[in-house]
Enquirer: 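Provided herewith is a single structure, encoded as structure tokens, for subsequent inquiry.
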Number of protein chains: 4
Amino acid sequence: MRSDALRRRENILRVARELFAERGAQIAMETIAEASGVGIGTLYRNFADRLALVEEVTLVMLEDIRSASQQAIERLDANEAEGWDVLLDSLIEQNLGALSEALGLQLPKKVSPRILEAQAEASRTLNSALGLAKNAQLVRADISGLELIATVGSITRPMPRAFSNSQPGLEERIVQIMRDGLRPQPAQN
Amino acid sequence: MRSDALRRRENILRVARELFAERGAQIAMETIAEASGVGIGTLYRNFADRLALVEEVTLVMLEDIRSASQQAIERLDANEAEGWDVLLDSLIEQNLGALSEALGLQLPKKVSPRILEAQAEASRTLNSALGLAKNAQLVRADISGLELIATVGSITRPMPRAFSNSQPGLEERIVQIMRDGLRPQPAQN
Amino acid sequence: MRSDALRRRENILRVARELFAERGAQIAMETIAEASGVGIGTLYRNFADRLALVEEVTLVMLEDIRSASQQAIERLDANEAEGWDVLLDSLIEQNLGALSEALGLQLPKKVSPRILEAQAEASRTLNSALGLAKNAQLVRADISGLELIATVGSITRPMPRAFSNSQPGLEERIVQIMRDGLRPQPAQN
Amino acid sequence: MRSDALRRRENILRVARELFAERGAQIAMETIAEASGVGIGTLYRNFADRLALVEEVTLVMLEDIRSASQQAIERLDANEAEGWDVLLDSLIEQNLGALSEALGLQLPKKVSPRILEAQAEASRTLNSALGLAKNAQLVRADISGLELIATVGSITRPMPRAFSNSQPGLEERIVQIMRDGLRPQPAQN
DNA sequence: TATGAATGAGAATTCATTCAT
DNA sequence: AATGAATGAATTCTCATTCAT
């Protein structure tokens, strides 16, 4: 049962992450439970309250950033320039923004030490990757890991329907603008 | 009396817009009423329900975009290049993103015809301004008005605290990246 | 409507007081609302949360103690010895204990200033009445107002059913023992 | 194994009794299980539901009363007058009130035959002790065993904080009043 | 017409009890 | 037989909306 329970817990986390991303931070706990195929009691047995769930999902997200950065480092070290694009794609695909939206709005003033630590670790690794990419002229020199995350996060949040309804593929165009903004920039006069 | 009522209504709209932008889409109707200095009953007399209020605020926002675009057209027509920057600044300062966030997440699948029309009108005017700016090499050629609005909107939404706490001025850096992305881009190989 | 609403509020207080006394501190807020003939929302509009309701009921109780004490003072001043018995009966009849049970168990560590003040005022008045009763040899000399309230309170709390079921009138017997304990006591050797 | 299981069961009972007395009737079953060092499943294996546990604890309490009474009888038979005080102290120290509070409020209208029987047995023994004490002029003549239990129970229940905070030693003063009330009383005119 | 009191559905959370291992 | 995970009903509280004055 140990492994059973663990699997269930992991599943709740995965489902919660998706729902936060797709339907916003206000998604009802009951909806998350239902979508996870468990009772509301089980959800609360695994995560003491909404904030606890939010924090766990955040940790997963930060770990994903760290691990994607680590892979990028390895490829960039091997002079594979596409390592950078893969990292960027990965950050974008994670729905990083939608998620951090959901999370950020409800994390309390005092962010927990576990999150701070994971955030520091993710930043550190991402900055290493960024350093290599900058050396390879793949990205503008004046951007930090945190700024990159915040930028990707801003761009990948769910779009107001009034906009996204009007033009299919709108999200992709915005991503393209961001990609261009991230490139090494010509000197301004 | 008519003008009294009209002024009250305008005031509710202004207050609602600010509160949506500052405190998010979840702001309680009662809070809006209170901040507007009217009773909750009066709020509902003016706006049938929450959705109606949201739609009206959206219309105001779209009209602001249209009018800022119109002013930009006049300046660009007069060969004042800063007309473009003024327009961009205006879109950014409107807290367009924070607002559209609040609004967009609750507009239903079927956006009302009035909104579609106002959006079309805003787009049209903005596209004219954009055309002039493109001719003047102030902005990349492959961007539409809707895409510009969506981009500014994405970028100016409130930032998760976990991020903005870590680095003062983070928002400005992201805006800068967007500005660079909006510029005419060098051809990619 | 002002008076309507006030009447409703008073009624909720009265009902809550009775239910706390009869059915204990855990009585559901919904039950109180129902018994008051109002919706749960109305209960919460009048009393921000359970604690607020508890505090208001406590204030009413303390005021009742004060006013009964005041009447006793007047009668004792007029040399009417039964003033004392009337006061004691009044404290007993109020279901003082059942109520203070309900209240006391959930009042927070920090009792609100309003309650402290009402308590001080009730104590002051009750102590004055007690002083007169002591002079008249109606009550033992070594008891304070607070002790009297606590004693009456202890005695008039709801009795475990296993006991009260077994002997009708059990409560009255216990009250009698308390009355005797409150009288001036013969010196102990 | 049998004795192992028995010991476990006894331990749960002991712990439950303490928790009911110290922390009130609302204590969670899970808390009782944890404090007993067993899983919640084991608790339920031993006691079908909360009521069953409550009833068993009540039986233990009644048995304690019986046995303290029996000891008192022996001492009073031997003309040791302090046998009475020891019995009274014992009832007081058992936290009889706190416990019966917790228990009494949740026993159903129909008390189980086992409890009625144990209560009868405890009453019988206590009444014998009382008879001897009355003969020795240690206690008022007009009190029954059940009344004594109920009186001690009333007096030893936990005090509302608003009261006990105000005066250290308040509980002891109330006990003293009860002791005086239990003594042989002078004839009233 | 303006007000704000009343309503009740919905959301978060707790906990007694059941059940799979 | 012991364990503790799962369940869902019950409870507190919030807030959009209605309605009496």
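Any value given below was found using the heavy atoms of this structure, including those in side chains, with hydrogens, waters and symmetry copies removed. Throughout, a chain's letter reflects where its sequence line sits, starting with A, and its residues are numbered from 1.
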Enquirer: Could you tell me which non-hydrogen atom of C/M29 sits nearest to which non-hydrogen atom of C/L43, and how far apart they are?
Expert: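 Where C/M29 meets C/L43 most closely, the heavy atoms are O-CD2, 3.2 Å.
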Enquirer: Using atom CG of C/D4 as one end and atom C1' of F/dC19 as the other, report the distance to the nearest whole Å.
Expert: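 In whole Å, F/dC19 C1' and C/D4 CG are 13 Å from each other.
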Enquirer: For E/dA6, does OP1 or OP2 lie under 4.0 Å from any side-chain N or O of C/N46?
Expert: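 Yes, such a contact exists.
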Enquirer: Could you state the atom-to-atom distance from CG of A/N11 to C1' of F/dA5 in whole Å?
Expert: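 So the CG-C1' distance, A/N11 to F/dA5, works out to 15 Å.
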Enquirer: Locate the shortest heavy-atom distance separating C/R50 from C/A28; write the atom from each residue and the value.
Expert: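 Looking at all heavy atoms of both residues, the shortest contact is NH2-CA, 4.0 Å.
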Enquirer: Can you work out whether A/V38 or C/M29 has the more 5'-proximal nearest nucleotide on DNA chain F?
Expert: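 On the 5' side of the pair lies A/V38.
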Enquirer: Between E/dG10 atom C1' and B/Q26 atom CD, what is the distance in whole Å?
Expert: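 It works out to 14 Å between those atoms.
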Enquirer: With respect to the side chain of A/A5, which nucleotide from E/dT18, F/dA5, E/dA12 is positioned closest?
Expert: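 The answer is F/dA5, which lies nearest to the side chain.
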Enquirer: Is a side-chain N or O of A/T58 found less than 3.5 angstrom from the main chain of A/V54, in a donor-acceptor match?
Expert: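 Yes; judged by distance alone, with no hydrogens or angles, the pair exists.
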Enquirer: Tell me which of C/I40 and A/G41 sits closer to the 5' end of DNA chain E, going by the nucleotide each one is nearest to.
Expert: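 In this pair, the answer is C/I40.
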Enquirer: May I have the distance from C/D49 (atom CG) to F/dT11 (atom P), rounded to whole angstrom?
Expert: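 Those two atoms, CG and P, are 18 Å apart.
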Enquirer: Between A/R45 and F/dA6, does any side-chain N or O lie under 4.0 Å from OP1 or OP2?
Expert: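 Answer no for this pair, as no side-chain N or O of A/R45 is under 4.0 Å from OP1 or OP2.
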Enquirer: Nearest whole angstrom, please: distance from the P of E/dT13 to the CD1 of A/I32.
Expert: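 In whole Å, E/dT13 P and A/I32 CD1 are 11 Å from each other.
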Enquirer: Would you please name every residue forming a salt bridge (charged side-chain N to carboxylate O under 4.0 Å, His left out) with B/E30, sequence neighbours left out?
Expert: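 Testing B/E30 for salt bridge (charged side-chain N to carboxylate O under 4.0 Å, His left out), a comparison that skips the adjacent residues, returns none.
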Enquirer: Just how far, in rounded Å, is P of F/dG8 from OH of A/Y44?
Expert: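 Rounded to whole Å, this separation is 16 Å.
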Enquirer: For B/R114, enumerate each residue passing the salt bridge (charged side-chain N to carboxylate O under 4.0 Å, His left out) test, keeping only those at least two apart in sequence or located in another chain.
Expert: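 B/R114 satisfies salt bridge (charged side-chain N to carboxylate O under 4.0 Å, His left out) with B/E56 only.
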Enquirer: Atom CZ of C/F47 and atom P of F/dT12: how far apart are they, to the nearest Å?
Expert: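 Between P of F/dT12 and CZ of C/F47: 15 Å.
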Enquirer: Can you tell me how far C1' of F/dT14 sits from CZ of A/R50, to the nearest Å?
Expert: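 Distance check: A/R50 CZ to F/dT14 C1' gives 14 Å.
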Enquirer: Can you tell me which stems involve DNA chain F, if a stem is defined as three or more consecutive Watson-Crick or G-U wobble pairs, both distances under 3.5 Å?
Expert: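 Looking at DNA chain F, the stems formed by three or more consecutive pairs are E:2-21 with F:2-21.
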Enquirer: So which atom in D/I32 and which in D/V15 form the shortest heavy-atom distance, rounded to 0.1 Å?
Expert: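 D/I32 and D/V15 have their closest heavy atoms at O-CG1, 4.1 Å.
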Enquirer: Quick check: closest heavy atoms across D/N11 and D/S36, and the distance to 0.1 Å?
Expert: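 Answer, listing the atom of D/N11 first, then D/S36: ND2-O, 3.3 Å.
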Enquirer: When you measure from the side-chain N and O atoms of D/R8 to the phosphate of F/dA2, is any distance below 4.0 Å, counting only OP1 and OP2?
Expert: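 Looking at the OP1 and OP2 atoms of F/dA2, one of them is under 4.0 Å from a side-chain N or O of D/R8.
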Enquirer: Within the structure, does a side-chain N or O atom of C/T42 lie under 4.0 Å from either OP1 or OP2 of E/dA5?
Expert: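 False: C/T42 side-chain N/O out of range (4.0 Å or more) of E/dA5 OP1/OP2.
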Enquirer: If you assign C/E30 and D/I27 each to the DNA chain E nucleotide with the nearest heavy atom, which residue ends up on the more 5' nucleotide?
Expert: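 Final value for this comparison: C/E30.
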